[in-house]
Amino acid sequence: MSFFLVFLAIAIAGAVLFLGAGMARSSRNSGAGLDEPVPNLPPVLLPAGAKASDVDRVRFALGLRGYRMDQVDQVLDELRDQLTAQEREIDRLKRSLETARNQEEPTA
């Protein structure tokens, strides 16, 4: 009989803990959507003049459900900005080259 009472007490305590944890979790997530992740890892950065080999070496920390979205977004934003700057520089150099070629051509 005492074994049964000990078992019953453990089962009740476990059920109370299980239900209490579930209620605490549901009250935390009752806001509109999921909370933003707290950045607890160092940022993943690319060098100033990123090349394809730099992008190949980028590694992201794994989260519970995959890669950390905030790190991926940060690196992709940085890469986009760098590529945009490179494209502008290439366009400027092409215009400069075209202007130099036009000035070298003899006008006849």
Side-chain angles (χ1 to χ4, degrees):
M1 180 70 172
S2 64
F3 176 75
F4 175 74
L5 291 177
V6 170
F7 177 75
L8 184 62
I10 291 173
I12 290 173
V16 168
L17 289 175
F18 180 75
L19 292 175
M23 286 183 184
R25 188 178 313 125
S26 67
S27 67
R28 244 184 296 144
N29 294 334
S30 63
L34 298 174
D35 294 337
E36 288 292 320
V38 177
N40 58 356
L41 298 172
V44 177
L45 302 174
L46 288 171
K51 299 176 185 160
S53 59
D54 296 323
V55 176
D56 290 338
R57 285 191 293 266
V58 171
R59 296 293 177 253
F60 300 101
L62 290 176
L64 180 61
R65 295 186 182 183
Y67 293 110
R68 294 275 310 262
M69 291 173 58
D70 55 340
Q71 287 182 334
V72 174
D73 290 343
Q74 179 184 6
V75 170
L76 292 178
D77 290 344
E78 177 73 22
L79 182 60
R80 182 201 60 225
D81 294 342
Q82 289 183 19
L83 291 174
T84 301
Q86 287 178 357
E87 289 171 359
R88 287 183 190 144
E89 180 67 13
I90 289 170
D91 290 340
R92 186 189 67 77
L93 291 172
K94 284 181 180 178
R95 285 192 303 273
S96 177
L97 181 62
E98 189 64 35
T99 302
R101 284 184 181 163
N102 289 339
Q103 290 176 352
E104 289 179 2
E105 291 180 359
T107 54

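Note that the structure is a prediction, hence the values are computed from the model and not measured.
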Tell me, please, which residues at least two apart from Leu83 pass side chain to side chain contact (heavy atoms under 4.5 Å, CB included). Leu79, Gln86

Results of side chain to side chain contact (heavy atoms under 4.5 Å, CB included) for Ile12 - residues two or more places apart only: Leu8, Val16

For Glu98, the side chain to side chain contact (heavy atoms under 4.5 Å, CB included) test, sequence neighbours excluded, returns Asn102

Arg88: what forms a salt bridge (charged side-chain N to carboxylate O under 4.0 Å, His left out) with it, not counting sequence neighbours? none

Answer yes or no: is there a side-chain heavy-atom contact under 4.5 Å between Ile10 and Val6? yes

Any salt bridge between Glu89 and Arg92, counting N to O under 4.0 Å? yes

Side-chain donor-acceptor contact under 3.5 Å, Glu78 with Gln82: yes

For Gln71, side chain to side chain donor-acceptor pair (under 3.5 Å) partners two or more places apart: none

Mind checking what makes side chain to side chain donor-acceptor pair (under 3.5 Å) contact with Arg80, not counting sequence neighbours? Asp77

Decide whether Val75 and Leu45 are clustered together by the hydrophobic rule: side chain heavy atoms of Ile, Leu, Val, Met, Phe, Trp, Tyr closer than 4.5 Å, transitively. no

